[in-house]
There are 2 protein chains.
Amino acid sequence: MVQYASAHLDASFAALSDATRRGVLEQLGRTNASITDLAEKFHMTLTGMKKHVVVLEQAGLVTTEKVGRVRTCRLGLGALKAEAAWMESYRQLWSARFEALDDVIEDLKLKERQVERTE
Amino acid sequence: MVQYASAHLDASFAALSDATRRGVLEQLGRTNASITDLAEKFHMTLTGMKKHVVVLEQAGLVTTEKVGRVRTCRLGLGALKAEAAWMESYRQLWSARFEALDDVIEDLKLKERQVERTE
DNA sequence: TGCATACTGAACCATATGGTTCAGTGTTTA
DNA sequence: TAAACACTGAACCATATGGTTCAGTATGCA
């Protein structure tokens, strides 16, 4: 059965709830970047961006590696996989209810006449 | 292009970052429930559960209707649709990178010999 | 060696979050 | 009409979050 209690889901959804962090994910999807790169791109102090990167890293959405003085950030290998999987499993669980409702709406839209149906 | 800045995504990912709220979504996926029902189920005060429901409602994940003294909560019609869509669009954007990496890993696993490749 | 670069960590701040209690308001029902 | 029920709202509390500044540490380069 689907589990809703998961510290990992807590962490990754929380990580995704901030627009700056979603922006960082998008950026890293284009190309890897240092903390300095990201801080400049998002008009933020180095320290501030570092915190965001830590949050993304703890959520498993990003991995980093420090070489010399530079810490390079890249997209986590399985980024969004667990989260997307959680969502899909729920949408499938709920599909019966959703589809029933979708049908009603579809009928209303297409036929432009009244549909009587109760749950 | 994909947009990462969205108050709606902020709200819904934040709503999903709490295990109790994910539990409420699962519960409402089975059957509608009153605030009292949910409060009992999750061992919480009425007031506490009310707050969670408000958060879910503002994220568009749940809708409620008050009839008499009872407020009935149900799954929002488009629940998780926008969020799943956001994730999928990113996973597609990133797919080239992921697949390239997946291939490397696959090679390593299947062939059990060294693979030389650099980005 | 000496300076600039890139990050790190501690401390601070304002606001948000997840929970509570307590005191209501409006609705049913005996 | 009176009591019980279901919710609502205000106030409070501890902790987390998103940002800052300031003071390091470690690395690279002239």
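Naming: A, B, ... by sequence-line order, numbering from 1 per chain.
- Counting only distance, with no hydrogens or angles, the side chain of A/Arg22 and the backbone of A/Leu16 share a donor-acceptor pair below 3.5 Å.
- A heavy-atom distance below 4.5 Å is not found between the side chains of A/Thr72 and A/Val67.
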Per-nucleotide protein contact string for nucleotides 15-20 of chain D, where B marks a base within reach and S marks sugar-phosphate only (heavy atoms under 4.0 Å, - for neither): ---BBB
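- Counting heavy atoms from C-beta outward, B/His8 and B/Glu83 have side chains that approach closer than 4.5 Å.
- When all heavy atoms of A/Cys73 and A/Ile35 are compared, the pair lying nearest together is SG-CD1, 4.0 Å.
- Following chains of ILVMFWY side-chain contacts shorter than 4.5 Å, one can reach A/Leu28 starting from A/Met44, so the two form part of one hydrophobic cluster.
- Atom-to-atom, CZ of B/Arg71 to C1' of D/dG9 comes out at 13 Å; the value is rounded to the nearest Å.
- One can place NZ of A/Lys50 at 20 Å from P of C/dT5, the figure rounded to the nearest angstrom.
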Write out a two-atom table: protein N or O, nucleotide N or O from nucleotides 26-30 of chain D, distance below 3.5 Å.
residue	atom	partner	partner atom	Å
D/dT27	O2	A/Arg69	NH1	3.3

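- Regarding B/Lys66, its NZ atom lies at a distance of 10 Å from the P atom of C/dT28, rounded to whole Å.
- Ring-plane geometry between A/Phe13 and A/Trp86 is classed as perpendicular, the angle between the planes exceeding 60 degrees on a 0 to 90 degree scale with a lower cut at 30.
- For residues 45-65 of chain B, every residue pair satisfying the salt bridge (Lys or Arg N to Asp or Glu O under 4.0 Å) rule, not counting sequence neighbours, is listed here: B/Glu65-B/Arg74.
- Side-chain N or O atoms of A/Asp37 include one that pairs as donor or acceptor with a backbone N or O of A/Ser34 at under 3.5 Å.
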